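Presented below is the structure to which this report refers.
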Amino acid sequence: MIIVKIGGNVIKKNLDNVLYDISELAKNQNVIIVHGGGNIVTEISKKLNIEPKFVTSPSGIRSRYTDEKELEVYVMVMAGKINKLIVSKLYALNVKSIGISGADGPILIAERKKRIIIVNQRGRKRVINGGYTGKIKKVNRELINNLLALGYVVVIAPIAIDTDGTLLNVDGDQVACILASALKVSTLIILTDVEGVVVDGYVLKAIKLDEISSILPKIGPGMNRKLLMIKEAIKSGVNKVIIASGLKPEPIKHALEGSGTYIMGE
Amino acid sequence: MLCMPSAKCPICGLNVELPDDVLPGEIIEHECGVVLEVVKDRNDGVVLKPLEGISEDWGE
């Protein structure tokens, strides 16, 4: 079983090439796709005159702030526009797929972040309401396994639900890593708009689990977060995680043949 | 003479000077070691209380 996470820039610039590779991969094994698409949510929000809000965490990570209006757009775009675009393109490639969000089933139960600390425009730390973002606490594997057993490629939008039934924006990388752990997949491929983990201008070919901590200070906050989540996935039994460029022709084939950065337990 | 707003630390009782433009929710790391949150009081002034319920950087 393999999970492919497709980032928002890859969806915009190279989706057809990625999905062609997935159609080949799906002939021999079970495939789960987790997609992002925050950049597309931002575009649609602006068209609807809902100005996206971004906040910065004390460690410098800039992130979307999801209020009630923004959540509506987020759900429409992620579970609707992007998810169904992928399903329709896979159908055109003769691949049987089903597009769901983490709230369906539900397969992803999350806890809402009630309050978060941000750095405000004055450069001072401030506590604000956490909006509609969440941290995944539980994965329901049964539905996914059943769909895979029926021969579907499962396409998952990064939306979770809390125990009160509130829909929540969850990070796509978090979804991919937690699903990889829960389903004990052999390989997780994270397709992004960079070549891999870059340190001092060079792409690292391989990172061992015990090297991750020393690499974290040398990379940007976005990749930093990815590596922290990947570390947990590998610790819970995922064989290998590959971070690779999704902007090339045959990006998955190249990733499986050694391009990008491989992260493994040993 | 300029007078900085201030409030009492609920833990050590010392006066804590606050920025002129302080907002509810802002976090003050006081020298006594406690992390405080600025909270609006009934009279539209501000008081300080220990920051609770947030243990991690979210980075969502």
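Naming: A, B, ... by sequence-line order, numbering from 1 per chain. Everything numeric here is computed off the predicted structure, so don't read it as measured data.
- Each of B/Leu51, B/Val38, B/Val39 was checked for a side chain to side chain contact (heavy atoms under 4.5 Å, CB included) with A/Val127, and the lone residue meeting it is B/Leu51.
- Distance check: A/Ile128 CD1 to B/Leu23 CG gives 12.0 Å after rounding to the nearest 0.5 Å.
- More than 12 heavy atoms of other residues, nucleotides or ligands sit less than 6.0 Å from atom CZ of A/Arg122.
- Under a 4.0 Å N-O distance rule, the pair B/Glu37/A/Arg126 does not qualify as a salt bridge.
- Residue A/Asn120 touches chain B through its side chain alone, counting heavy-atom pairs closer than 4.5 Å.
- Smallest separation of non-hydrogen atoms from B/Glu52 and A/Arg115: O-NH2, 3.2 Å.
- Using a 4.0 Å cut-off between a side-chain N of Lys or Arg and a carboxylate O of Asp or Glu, A/Arg124 and B/Glu26 qualify as a salt bridge.
- The neighbour count for A/Glu211 CD, taken as heavy atoms of other residues, nucleotides or ligands under 6.0 Å away, is above 12.
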